[in-house]
Amino acid sequence: MPVSFGHLTSLQLPSHATELVRLEHSLELPSLTNRLRQSPRLILGGGSNLVVRSTENEPLDVTVIRNDIRGIVRLPADGNAVGIRCAAGENWHRFVMWTLSQGLGGLENLSLIPGTVGAAPIQNIGAYGVELSERVSAVHAWDFEAATHRVFGLTECAFGYRSSRFKDPSRQGPWNRPRYLITAVDFALWPAHRAPRVVHYPGLEGLCANGPEAPMQIAHAVMSLRRKKLPDPDQIANVGSFFQNPQVPAPVAASLLETHPSMPVHPGADGVKLSAGWLIDSLGLKGSRHGQAGVYDHHALVLVNHGGASAEELLWLARDIQQRVLARYGVWLEPEPTIVPPVERPA
Ligand SMILES: Cc1cc2nc3c(=O)[nH]c(=O)nc-3n(C[C@H](O)[C@H](O)[C@H](O)COP(=O)(O)OP(=O)(O)OC[C@H]3O[C@@H](n4cnc5c(N)ncnc54)[C@H](O)[C@@H]3O)c2cc1C
């Protein structure tokens, strides 16, 4: 009898799998590994970056492992940094609020991002000028292949824009046999009065407060901006940004700017970063729908489930957007959430 787990995901698509297990302690992992052996598996955190393609009649042939490992501890002092270890099943935003309540700064720009702490390294979450990789010192993971715990230092995590070794199929394995399950993350934070202020982002520029209250002020400003911009998944089902901002070589950006002078561009690690939201918005797609799936009225980068959408409807809409952007700008938009089973990019 398949189990339904769509209600554990923020997109609320019909989602079915062979089995669902709740992982409450990393000590359970050896016996779970033994029991599953080579069986297919899917790791689930808060389900806020996951698009599941399955039906009750065709459930995913996987054991869904819902990560619910809890706990936060302070690490011994290391230079100027304040070390905190947070278990992977803790809610990300509640953890950020906890650090602020402890008088620690560093995570405030990442307030109100849904999901778990353990999923944050997967795509190196980022917002308002800060990426997770700038605040992490180590990632603890269970290695299903070697049946052992491992600790990855910062460089070993291979963090990039919305990427890491834990998202890279050549290191993490196929979607239904992930090699590593993140069990905890170590953070290097600062006492609030010494935390760097990242306020160059539009909407935060006015905030230049010094002193221990500054990180909390930035967090509140970020939360207010996010509430205005993004739909609350409890009100309208969504996974946040559906596409990554594409990066193109500088000459390609220059030629696009000649024909589209108002197009926003930013320096990126691998070229020039374009705004996926702007590209979609410029095609007049905000508010468009396919069945019960749609482009959010107030933000073209967010695809929503208006209620009862199927994965087919949502992915048809996503593919339509990709093809229209490609036809107009010659740029292919890569999805940001994990799609299971994955959808192949057309040749
Ligand atoms: C309204 C909204 C706003 C958002 N804003 C942002 C934003 O500003 N910036 C940003 O970067 N993201 C944003 N997101 C995306 C999402 O919140 C993050 O990617 C988040 O880290 C996902 O966490 P999760 O626990 O929900 O992961 P899930 O959706 O459960 O899982 C995502 C992927 O990670 C894998 N995974 C999960 N936990 C583990 C683990 N412990 N070990 C190994 N693999 C694991 C899953 O198998 C899956 O492949 C937003 C989403 C929503 C709905």
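Whatever order the structure lists them in is the order used to number ligands and atoms, beginning at 1.
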- Heavy atom of R162 under 4.0 Å from ligand 1? yes
Exercise for the section: State plainly whether the residues E156 and R165 are in salt-bridge range, i.e. N to O under 4.0 Å. Expected result: no
Review point. Side chain of N176, backbone of L60: donor and acceptor closer than 3.5 Å?
Key: no
For A253 and M263 the tightest heavy-atom approach is O-CE, 4.4 Å
Nearest non-hydrogen protein atom to atom 24 (P) of ligand 1, with distance, is G46 N, 3.4 Å
task: For R324 and Q322, indicate whether the former's side chain and the latter's backbone hold a donor-acceptor pair under 3.5 Å.
output: no
Considering distance alone, does some N or O of L230 sit under 3.5 Å from an N or O of ligand 1?
no
Atom 12 (N) of ligand 1 has as its nearest protein heavy atom Q123 NE2, 3.1 Å
If you scan protein heavy atoms around atom 28 (P) of ligand 1, the nearest is G47 N, 3.5 Å
Margin query: Whether the side chain of E134 engages the backbone of E131 through a donor-acceptor N/O pair (distance < 3.5 Å, no angle test) should be reported.
Written below: yes
The atoms of ligand 1 lying under 4.0 Å from a heavy atom of I125, numbered in the order shown, are 10 (C), 11 (O), 18 (C), 19 (O), 21 (O)
For atom 4 (C) of ligand 1, the closest protein heavy atom turns out to be R226 NH2, 3.4 Å
The answer for which part of P114 has a heavy atom under 4.0 Å from ligand 1 is both
Check your understanding: Distance-only, no hydrogens or angles: does the D68 side chain make a donor-acceptor pair with backbone N or O of R66 under 3.5 Å?
Key -> no
among protein heavy atoms, the one nearest atom 27 (O) of ligand 1 is A119 CB, 3.3 Å
A student checking ligand 1 against L50 at a 4.0 Å heavy-atom cut-off should list atoms 29 (O), 48 (C)
> Under the 3.5 angstrom rule, does the side chain of N238 hit a backbone N or O of P231 as a donor-acceptor pair?
Replying inline: yes
**Prompt:** Side chain of N109, backbone of V198: donor and acceptor closer than 3.5 Å?
**Reply:** yes
Ranking F242, Y161, Y180, F166 by closest non-hydrogen atom to atom 43 (C) of ligand 1, top hit is Y180
Using a 3.5 Å distance criterion without hydrogens, assess whether the side chain of T183 forms a donor-acceptor pair with backbone atoms of W142.
no
Among non-hydrogen protein atoms, atom 16 (C) of ligand 1 lies closest to S48 OG, 3.3 Å
In terms of its nearest heavy atom to atom 13 (C) of ligand 1, the top option of I113, V52, V64, L23 is I113
A student comparing G126, G240, S241 should find that the heavy atom closest to atom 2 (C) of ligand 1 comes from G240
Of all protein heavy atoms, the one nearest atom 44 (N) of ligand 1 is I122 CD1, 3.3 Å
In terms of its nearest heavy atom to atom 25 (O) of ligand 1, the top option of T116, I339, N176 is T116
Short version for I43: what comes under 4.0 Å of ligand 1, heavy atoms counted, is both
Note: T338, heavy atoms under 4.0 Å from ligand 1, region reported as side chain
Original post:
Which word best sums up how the rings of H298 and Y296 line up, parallel for under 30°, tilted for 30 to 60°, or perpendicular for over 60°?
Top reply: perpendicular
Worksheet entry | Contact check: Q172 vs ligand 1, nitrogen or oxygen atoms, below 3.5 angstrom | no
min-distance protein heavy atom vs atom 42 (N) of ligand 1 -> I182 N, 2.8 Å
Next on the checklist: Strictly distance-based, threshold 3.5 Å: is any side-chain N or O of R135 a donor or acceptor partner for the main-chain N or O of G106?
Outcome noted: yes
>> Is the ring pair Y180/F152 parallel, tilted or perpendicular, if the boundaries are 30 and 60 degrees?
In response: perpendicular
Going by the 4.0 angstrom heavy-atom rule, the piece of N238 near ligand 1 is both
Short version for N67: what comes under 4.0 Å of ligand 1, heavy atoms counted, is side chain
Review point. Between H290 and W316, what is the ring plane arrangement, given parallel below 30°, perpendicular above 60°, and tilted in between?
Key: parallel
Margin query: When you measure from the heavy atoms of W175 to every atom of ligand 1, does any distance fall below 4.0 Å?
Written below: no
**Prompt:** Is a donor on one side and an acceptor on the other found under 3.5 Å between the side chain of E19 and the backbone of V3?
**Reply:** no
